[in-house]
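Heavy-atom basis, side chains included; hydrogens, waters and symmetry copies ignored.
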Amino acid sequence: VQQVSINLLSKRGLRIETAEGFLYICRIVHEVKYVSVLFVGMDAVYAANRLDGFNVTKLLIYHKGVKQRLVESSLVLLGNDEHVAIIMDGNGRWAKQRGLPRGEGHKQGAKVFKRICEYAADRGIRYVTFYAFSTENWRRPPEEVSGIMDLFREYLREAEEREQENAQKGLRIRYIGEREGLADDILELVDELERGSADKVRTTVNIAINYGGRDEILSACKRLAEQCARGERTPESLTEQDISDNLYTAGQPDPDLIIRPSGEFRLSNFLIWQ
Ligand code: FPP
């Protein structure tokens, strides 16, 4: 990552410690060359002063209500990365804050997913991976699970209908995850969409549904073990690359950036090898 953009906004004061910690990591650990910071709120000038001494190349201070510019600025973050991965969480909290049922949060999440796909294609980001449903998510209440599956279905149908448009944008859709457990009609739609978009190369969108990182690694190991058992490989010859080559993301670069909108910092079994 060459450039990082940080947006800080909160109703009551800025989380300046967060900014300081984040900048430290960018500069010292990742040697990021450019950092731009966007502050929204009344404490912006105070916060800006506290950042003195950091290698901040661009400091934008906006006051509340400048939503459009805020959105554009947030998106700068994705501009220089080859592979951006997103854990689609925070939906429940988003809905709760507004007194809405959780399902409304997921609906909103699915809308944002579509916007990000388009944005990624516009900007030429080569890979975007969305963690939409983990193997653990089956434990959620049945009505929530079926609501999420319906949103996925709805998207797949819509994507079929808008095939031309997606093709023009160069969007290639790929499913990553364990097929077993998914409804037949969803698998059929996924297969059609994957086939129909296979030759599009601008942006590959990986949708992780019924996905678990440990399962993914285990399957790769099993495949390699079978090759050894058949005498095609020897255990000594196995390399890290062999594992990478047997993951769902084979042939794709590892993510440069993983975004978790809720603000959590756990990976939750997502792309743990990558
Ligand atoms: C986690 O947020 C989110 C999910 C388990 C589901 C995300 C999936 C979708 C929005 C639909 C998928 C559709 C497409 C088109 C890919 P959470 O409910 O845990 O929220 P919280 O972290 O605030 O509790």
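Screening residues 88-101 for salt bridge (Lys or Arg N to Asp or Glu O under 4.0 Å) gives Asp89-Arg260, Arg93-Glu264 as the qualifying pairs, with residues at least two apart or on separate chains.
Donor-acceptor pairing under 3.5 Å is lacking for the side chains of Gln227 and Asp242.
At a threshold of 4.0 Å, the pair Arg162-Glu118 counts as salt-bridged, since one of the basic side-chain nitrogens sits closer than that to a carboxylate oxygen. With respect to Glu160 and Arg157, no salt bridge is recorded, no charged nitrogen being found less than 4.0 Å from a carboxylate O.
Considering only residues two or more places apart in sequence or on other chains, Trp138 meets the ring-ring contact (aromatic ring centres under 6.0 Å, His included) condition with Phe133. Residues passing the salt bridge (Lys or Arg N to Asp or Glu O under 4.0 Å) test with Arg174, sequence neighbours excluded: none. Applying the salt bridge (Lys or Arg N to Asp or Glu O under 4.0 Å) criterion to Arg230, with sequence neighbours excluded, gives Glu232. For Arg179, the side chain to side chain donor-acceptor pair (under 3.5 Å) partners at least two apart in sequence or on another chain are Asp191. Pro253 meets the side chain to side chain contact (heavy atoms under 4.5 Å, CB included) test with Glu82, His83, Tyr127; sequence neighbours excluded.
In this structure, Glu180 places its CD atom where only 12 or fewer heavy-atom neighbours from other residues, nucleotides or ligands lie under 6.0 Å away. Heavy atoms from other residues, nucleotides or ligands lying under 6.0 Å from NZ of Lys114 number more than 12.
Nearest heavy-atom pair, Asp245 versus Ala250, reported as atom, atom and distance to 0.1 Å: O-CB, 3.3 Å.
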